[in-house]
There are 2 protein chains.
Amino acid sequence: MERLTIKDIAQMVNVSTATISNYLNGNYSKMSGKTRNKIEEMIRQTNYVPSTVARDLATNDSKTIGVSVADITNPFTSAVLSGIYETCGNLGYTVIFTNASGDAMQEIENINKLKRQEVSGLIIDPVDAQSPIFKTLNNKDAVMLDREAVNIQVDTVVTDNFNAVTHFVSMMKENGYDEMYFITWPIEQISTRVTRYQGFLDATGYKNDDHCIEISNPGGDDEALKTQLAEIMEDREETGKKIGFFSMNGKVLIRLIQAMRSINKQYPFDYGVGSYEDLDWMGIMKPGISCIHQDSAHIGETAVKKLISKLTSDDEPGKAQRIVVPTTLKLRESF
Amino acid sequence: MERLTIKDIAQMVNVSTATISNYLNGNYSKMSGKTRNKIEEMIRQTNYVPSTVARDLATNDSKTIGVSVADITNPFTSAVLSGIYETCGNLGYTVIFTNASGDAMQEIENINKLKRQEVSGLIIDPVDAQSPIFKTLNNKDAVMLDREAVNIQVDTVVTDNFNAVTHFVSMMKENGYDEMYFITWPIEQISTRVTRYQGFLDATGYKNDDHCIEISNPGGDDEALKTQLAEIMEDREETGKKIGFFSMNGKVLIRLIQAMRSINKQYPFDYGVGSYEDLDWMGIMKPGISCIHQDSAHIGETAVKKLISKLTSDDEPGKAQRIVVPTTLKLRESF
DNA sequence: CTGTTAGCGCCTTCAC
DNA sequence: GTGAAGGCGCTAACAG
């Protein structure tokens, strides 16, 4: 993919490679306007492009940041990645990206691979924030985001899950819902799920997990869910209580609505719903879905800025920080 | 991010760097089992990782493929990227990724940047397949996908847009739709849009563009669309014709449904709809949306395989090929 | 202003 | 089996 070297064009212009190098690095003060012009001309003519790998080797700085994402297929992730990419570009960094596809083992491999690539820094959207691999990270050159470890070792950018959910669910309660349910993929210590659930508990005041419905994420059939929902709804008919559901994310919401539909229940008449995550289709659903919106691209941007500021400063980073990014509410007609 | 070098561990084990290098490259036949063990042990102890950039420079082969995507935010794109990433990983390649965010200028920059990075090969999901930048590509080390140029210069992996749409729209006609409309973002010579539209024309037999509705993609307000739809629907009431719409993609479909709803029209009663693109929410829409499904990850996989087969073969690639990937239909209740 | 000269970390003959 | 030495393309002092 490459051909000419700095030496070639040095010969052609009849100067030393050092001068070309200086030209390449914008040190124009170190050469006459004349040679500068000649170099410029020659580079255009020959279509010469310097080798970044040689440069990286020489400077021992790749100006690339390695990214490991949990699952690129997730809309949240691609938005984050988009923010990361754009911000890196603005700051003169390249991104090399790896995808764990939701597999914690793959994630470990990815991180090792990135280290081998001599990236200047790491941004990680973890599958498993508790993975031992993260203990090997240095807070000087890494940032994590979204899911967080219980004792964070590196700066972590997270969404304001707790307050967002507390606020949202409180609103539902104010709207007269007597009984609320939190529906989610298995919580499994995953910080985002845990925190959203805590927000739910905080708003509702429930002391046990009777109002938490976990569904398996692979899909599978939802018979168990249907019967559980049927019972809840039946109960409602007897007591006349207004009941509401808060879904941990868009995919779970889809499952909920499908299951409800199969037992002939419609929101917002038979039940109220709200969801974490703001997806475009939520606006065109029969009654629109009220939800919590997080600015995913901004999360990526924040992570990059934090990382690069650490990379370019020479004082030690100190204790790992938790950087929280706010959310906004999108109120529609689903409750 | 790096510390030890090959020299360091050579000293520690008391052999030359060449031996270490041989070890690193699996040339175990070139050393005694004893030294091999010592080296292995030392590498584990010291946690030494060889520098890829030095290796790349020395071998002049980076084993990384550069990817330029049109817009990472598009679900199609992230699925493709996921396929690309996975396949590259299996084949021992790293991917470095750039995102044009739908901007043709940015795309040009990205491609130049990738070239500078000395990638072994390029995979491009173009914003503008006609961009002059693609004339600079070599069919030996590049593959394009999705959108294609009128005269392709490099192998291009595309979806079977024409047949998919022809087939789908024909089915709608068979279901009794007397009049069909194709709704789309501005076609603007973009091959995927052009081809889908041609499939539509083929199925319907329309000779002019009276049944093509273009909407602007930024969003904006859809007043024009609403009045246009209102007229069409009014006409329908007079003539009693059954009318159907085919949407070029999921986002356009959302706009269509929203506009229809604002004039109080519901599918499948007042009109029928179908769409290109299969998104998860289409299954939970009031009546489910019938659509055309494309296996995006498979497109990425196909592109990678084609590329790597070219990179590793030493005969010239010859004329650029068009590789078409099939689609499947998902029939639900929207028409 | 311009050229010389060491490296950067690894690979690869080519002798020993 | 092992080591010495040159080189990959570029940068960064240091001289001149």
Side-chain angles (χ1 to χ4, degrees), chain A residues 1-40 42-43 46-64 92 94 113 115-120, chain B residues 1-40 42-43 46-64 94 113-120:
Chain A
M1 199 104 215
E2 210 76 5
R3 294 265 345 284
L4 279 52
T5 76
I6 201 174
K7 210 188 293 176
D8 295 326
I9 76 132
Q11 286 181 330
M12 301 169 105
V13 186
N14 242 309
V15 294
S16 76
T17 62
T19 305
I20 306 295
S21 174
N22 277 135
Y23 174 87
L24 259 23
N25 292 296
N27 302 138
Y28 302 131
S29 62
K30 294 191 174 185
M31 71 196 71
S32 66
K34 228 174 165 177
T35 56
R36 175 176 169 183
N37 287 143
K38 283 203 293 186
I39 295 176
E40 179 162 9
M42 186 54 67
I43 288 187
T46 58
N47 234 304
Y48 162 76
V49 278
S51 155
T52 357
V53 352
R55 174 203 217 106
D56 288 353
L57 180 58
T59 57
N60 192 26
D61 176 13
S62 61
K63 285 272 187 196
T64 103
T94 295
K113 182 174 174 183
K115 285 185 173 176
R116 235 173 295 139
Q117 298 280 332
E118 259 134 287
V119 293
S120 318
Chain B
M1 200 105 213
E2 209 77 5
R3 295 260 351 280
L4 278 54
T5 76
I6 201 174
K7 208 189 292 178
D8 295 326
I9 76 131
Q11 286 180 333
M12 302 169 104
V13 186
N14 241 309
V15 294
S16 78
T17 62
T19 306
I20 306 295
S21 173
N22 278 136
Y23 174 87
L24 258 25
N25 293 295
N27 302 139
Y28 302 132
S29 62
K30 294 191 171 183
M31 71 196 71
S32 65
K34 229 174 165 177
T35 56
R36 174 177 170 182
N37 287 144
K38 282 203 294 187
I39 295 177
E40 180 162 7
M42 187 53 66
I43 287 189
T46 58
N47 234 304
Y48 162 75
V49 277
S51 155
T52 0
V53 352
R55 173 199 218 110
D56 288 352
L57 180 59
T59 58
N60 192 27
D61 176 15
S62 61
K63 285 273 188 194
T64 103
T94 295
K113 181 173 172 185
L114 290 173
K115 285 185 173 177
R116 235 172 296 138
Q117 297 280 334
E118 259 136 284
V119 293
S120 316

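Atom set for the values below is all heavy atoms of this structure, side chains included, hydrogens, waters and symmetry mates excluded. In this text, all values refer to a predicted model and were calculated from it rather than measured experimentally. We name chains A, B, ... by the order of the sequence lines, and we start the count at 1 in each one.
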- Item | For atom CZ of B:Arg55 and atom P of D:dC8, their distance in whole Å | 19 Å
- Taking C:dT4, D:dG3, C:dG7 as options, the one with an atom nearest any side-chain atom of A:Ala18 is C:dT4
- Just how far, in rounded Å, is C1' of C:dC8 from NZ of A:Lys63? 18 Å
- Message: Any base atoms under 4.0 Å from B:Thr19, or only sugar-phosphate, or nothing? Heavy atoms, all strands.
- Response: sugar-phosphate
- Item | Nucleotide C:dT4, atom C1' - distance to CD1 of A:Ile6 in whole Å | 14 Å
- Is there a residue in residues 22-38 of chain A whose heavy atoms reach under 4.0 Å of DNA chain D, and which residues are they? A:Asn25
- Query: Between B:Ser51 and C:dG9, is there a side-chain N or O to OP1/OP2 distance below 4.0 Å?
  - Reply: no
- Supply the atom-to-atom distance B:Glu118 CD to B:Ser62 OG, rounded to the nearest 0.5 angstrom. 7.0 Å
- Task: Pick base, sugar-phosphate or nothing for A:Asp61, based on heavy-atom distances below 4.0 Å to the nucleic acid.
- Result: nothing
- Taking atom P of D:dA5 as reference, at what distance in whole Å does atom NZ of B:Lys7 sit? 13 Å
- Task: State whether the side chain of B:Thr17 and the backbone N or O of B:Ile6 hold a donor-acceptor pair below 3.5 Å, judged by distance alone.
- Result: no
- Item | 5'-most by nearest nucleotide on DNA chain C - B:Ala58 or A:Val15 | A:Val15
- List in chain and number order the residues that pass side chain to side chain donor-acceptor pair (under 3.5 Å) with B:Thr35, two or more places apart in sequence or in another chain; answer none if no residue qualifies. B:Ser32
- Between CE on residue A:Met12 and CD1 on residue A:Ile43, distance to nearest 0.5 Å: 11.0 Å
- Query: Could you give the distance from CE (B:Met42) to CG (B:Asp8), rounded to the nearest 0.5 Å?
  - Reply: 11.0 Å
- Tell me whether the OP1 or OP2 atom of D:dG3 has a side-chain N or O from B:Ser16 closer than 4.0 Å. yes
- Whole-Å distance between C:dT4 P and A:Ile20 CD1? 13 Å
- To the nearest 0.5 angstrom, please state how far the CD1 atom of A:Ile20 sits from the CD1 atom of A:Ile39. 4.0 Å
- Task: Ignoring the backbone of A:Thr59, work out which of C:dG9, C:dC11, D:dT11 is nearest its side chain.
- Result: D:dT11
- Query: Between C:dT4 atom P and A:Asn14 atom CG, what is the distance in whole Å?
  - Reply: 11 Å
- Query: How about B:Lys113: does its NZ atom have over 12 heavy atoms from other parts shown lying under 6.0 Å from it?
  - Reply: yes
- Task: Please state how far atom CG in A:Asn60 lies from atom P in C:dG9, giving the value in whole angstrom units.
- Result: 6 Å
- Whole-Å distance, A:Gln11 CD to C:dT4 P, equals 12 Å
